[in-house]
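Accompanying notes for the structure given below.
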Amino acid sequence: MGYALELPAEIWIQVFKSLSISELLNIVQVSKHFYDIVHMANLLSLANINKIKVKIEGYLPLLKMRRFNKKTAMDLKEHHDSYYATKSVHIDWLRGDLWGEKCKLDLSIANFTSKYHLDDFSHAKQIELLKYLKKEKHNLKTINFEANKLSKIPPDLLCDALATLEVINLEHTLLTSVQLHTIFENISANKFTKLTEFGISSNDLSEIPKELLDGLLKIRRVNLSKTNLIVTQVDYILNKISEAGTDLVLTDLSLADCTDLYNRSGPTVEPDLLGVAISKLTTIDLATTLINTSQVASIVERNIQFSNLRCINLSLINLAEVDVAKLSKFASSLKVIDMSSSSLTQDQIRGFLKESLHSSSLQGLSLTGHFENFDEALFVEAFSRLKRFVLTKGGCHDKEIESNVWESLMESETLEDVNIHALSCCWKNLTEVSGLEERFPTALKNFSCNEDRWFFINL
C-alpha cells in the first residue's frame with residue numbers, strides 16, 4: 001500500500017468521486033487508509049440503507065456507523081396511502097439545506113412505530129432512540145416524526161430528547177394532553193433553545209393554556225394547522241404577534257384549518273387584529289379557515305404597503321366580494337399567493353393578471369377559475385413571468401385554451417415548473433403539447449393534499 005500513502009488524500013478523493021456506491025463499498029474494504037479517506041469525504045452519504053435490518057436492530061446501529069454519523073436529518077415519516085396514488089406529488093413540510101438528500105437519513109419505509117401499530121419491541125426501540133438523543137453527542141438537527149405514535153413516551157424524556165434538535169415535525173403523532181402540556185411548558189420556559197422550526201399539526205391543542213403559547217413567538221417557523229385551537233388561543237397568539245417589536249423571531253406561521261378564526265354564531269377574531277398580526281409575518285397559511293370578507297379586506301388593506309408579508313395561502317376562502325383593485329395590488333405585491341378554490345370572479349382574475357405585469361416580486365401563484373375567454377397574450381405574459389404556478393380549472397365553459405398558448409409558456413426563461421390540474425374533460429389540448437412533462441416535471445401530476453400544492457409554489 002506504499003503507493004497509496006504517497007498520494008495526497010485530495011487526489012484519492014477526486015478518484016473515488018468517479019466511482020459508484022457499490023464500487024466505493026468495495027474500496028473501503030481494501031485498507032484502513034482508503035476507509036478513512038472515503039468516510040472523511042462523506043462519499044457514502046447516499047448509500048442505500050438496509051431498512052429490513054433497521055427494523056430488526058433499531059436506529060442506533062445505523063446512527064453510529066461512520067458513513068451515516070455525519071447526517072444531520074432523519075426522516076421517520078409513516079407514508080399515508082394517498083402518497084402512493086398514481087402520479088401524486090408529496091412535498092414535506094420540512095425544507096431547506098438541513099433536509100437535503102445528502103444530509104438526510106431516509107428511514108420512512110423502515111418506520112416500525114407508526115400510528116397504525118406499536119408493539120412492545122417497537123416501543124423499546126423508540127425509547128432507545130430518544131435516550132440516545134438525550135444523552136449522547138450526535139449531529140442530528142432535524143427529525144421528522146410524522147405519523148409516528150409517540151403517545152407512550154414519558155413526557156420528560158420526550159422533551160429532553162427534542163430539546164437537542166433544531167427542527168422538529170410532530171405532525172399526527174397522537175400526543176397526549178400531558179405530553180403536549182409538558183412540551184409547551186418547556187418551550188415557554190426557554191428550554192428548547194435550539195429550536196427554529198416546529199410542526200405540531202394534527203395534534204389537539206385546545207386544552208393548552210393560552211399563556212404557554214407565547215413561546216411560539218421565539219421560533220422562526222411554526223405549523224399549527226389542524227390543532228383545534230379555540231378562539232381565545234388564536235386571539236392570544238395574534239395579539240402577542242401584533243404587540244411584538246423587533247425581537248419577534250416568528251416569521252412563518254400556519255393556521256390552516258383553524259375554523260375558530262371566524263365563527264358565525266359566536267366570538268370571532270377581529271379583522272384589524274388579524275390584519276396587523278399578519279403584517280408582522282413573512283409567511284402565513286390561512287387555507288380552509290373560512291374567514292369572512294371583512295377579515296380578508298383587513299388583511300389586504302393592511303398589507304398592500306409597509307408590510308413584512310411575502311407569502312400567503314388563501315385557498316378555500318371565499319374572495320368573491322373583495323374589492324378587485326385592492327385585491328390585485330395586494331396579490332401583486334407578494335412573492336407567493338395561493339388563491340385556489342376561492343370563488344374568484346372573471347373580473348378579479350383579469351384585474352389581478354393585468355396588475356401582476358407591473359410586479360417585480362411575484363414568483364409563485366395558484367389560481368382556480370375559467371380562463372378560456374381571456375386575452376391569450378395577457379395569459380401568456382402574466383404566467384410566463386413567474387417561477388412556479390398551479391392552475392386548477394373551475395369547470396368546462398366555452399372553448400378550450402389552444403395548445404399554442406401552452407407552447408408559448410414553455411418558451412419562458414423564468415418558469416421552473418408548473419402544475420396544471422383539471423378534470424379529464426378540461427384542457428384537453430394539454431395532451432397535444434410535445435415535451436410538456438419533460439420541460440415541467442410536475443405539469444400533469446396530482447398533489448397528494450392541499451398542503452403539498454401550497455409548498456410547491458411557496459419558494
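Not measured: the values here are computed from a predicted model.
- Here the CG-OH distance, from Leu63 to Tyr132, works out to 5.0 Å after rounding to the nearest 0.5 Å.
- Put simply, the side chain of Glu128 never gets that close to the backbone of Leu60: no donor and acceptor are under 3.5 Å apart.
- Contact check on Glu146 versus Lys77 returns no salt bridge, with no Lys/Arg side-chain nitrogen under 4.0 Å from an Asp/Glu carboxylate oxygen.
- Here the side chain of Gln363 pairs no donor or acceptor atom with the backbone of Ile457 at under 3.5 angstrom.
- Under a 3.5 Å cut-off, the side chain of Asn148 and the backbone N or O of Phe145 do form a donor-acceptor pair.
- Counting heavy atoms from C-beta outward, Leu157 and Lys134 have side chains that approach closer than 4.5 Å.
- Between the side chains of Ser340 and Arg453, at least one donor N or O sits under 3.5 Å from an acceptor N or O.
- The main-chain N or O of Glu166 is found under 3.5 Å from a side-chain atom of Thr196 such that the two form a donor-acceptor pair.
- Within the 3.5 Å criterion, the main-chain N or O of Lys240 finds no donor-acceptor partner in the side chain of Glu243.
- In summary, the aromatic rings of Trp406 and Phe379 are positioned with their centroids under 6.0 Å apart.
- A cation-pi arrangement is found for Arg388 relative to Phe456, the charged atom lying closer than 6.0 Å to the ring centre and inside a 45° cone about the ring normal.
- The distance from the CG atom of Leu217 to the CD1 atom of Ile187 is 12.0 Å, given to the nearest 0.5 Å.
- Of the possible polar contacts, none joining the Asp285 side chain to the Ser254 backbone as a donor-acceptor pair under 3.5 Å is found.
- In summary, the side chains of Lys71 and Asn139 do not present any donor paired with an acceptor at a separation below 3.5 Å, with no hydrogens or angles considered.
- Within the 3.5 Å criterion, the main-chain N or O of Phe352 finds a donor-acceptor partner in the side chain of Ser328.
- Contact annotation: the side chain of Glu321 approaches that of Thr293 to within less than 4.5 Å [non-hydrogen atoms, C-beta and beyond].
- Put simply, the side chain of Ile241 reaches to within 4.5 Å of the side chain of Leu248, judged on heavy atoms.
- Under 3.5 Å, the side chains of Ser315 and Ser341 contain no donor-acceptor pair of N or O atoms.
- Electrostatic pairing of Lys329 and Glu355 does not count as a salt bridge here, judged by no charged N lying under 4.0 Å from a carboxylate O.
- With Ser361 contributing its side chain and Leu334 its backbone, the two residues share a donor-acceptor pair below 3.5 Å.
- Between Val418 and Leu409 the shortest side-chain heavy-atom distance does not fall below 4.5 Å.
- Of the inter-residue distances, the one linking Asp204 atom CG with Leu175 atom CG reads 11.0 Å to the nearest 0.5 angstrom.
- Put simply, the side chain of Gln233 never gets that close to the backbone of Leu213: no donor and acceptor are under 3.5 Å apart.
- In this model, a donor atom of one side chain and an acceptor atom of the other lie less than 3.5 Å apart for Asp417 and Thr442.
- The distance from the CG atom of Leu250 to the NZ atom of Lys218 is 12.5 Å, given to the nearest 0.5 Å.
- Checking Thr345 against Asp347 by side-chain atom types alone, no donor-acceptor pair falls below 3.5 Å.
- Donor-acceptor pairing under 3.5 Å is lacking for the side chains of Asn203 and His172.
- A salt bridge is defined here as a Lys NZ or Arg NE, NH1 or NH2 lying under 4.0 Å from an Asp or Glu carboxylate O, and Glu451 with Lys226 meets this definition.
- The line from CG of Leu170 to CD of Gln179 is 9.5 Å long, rounded to the nearest 0.5 Å.
- The one candidate from Ile317, Ile299, Leu344, Leu327 that meets the side-chain contact (heavy atoms from CB on, under 4.5 Å) condition with Val322 is Leu327.
- The CD1 atom of Ile143 sits 9.5 Å away from the CG atom of Leu105 when rounded to the nearest 0.5 Å.
- Glu136 contributes no side-chain N or O that, together with a main-chain N or O of Leu133, makes up a donor-acceptor pair within less than 3.5 Å.
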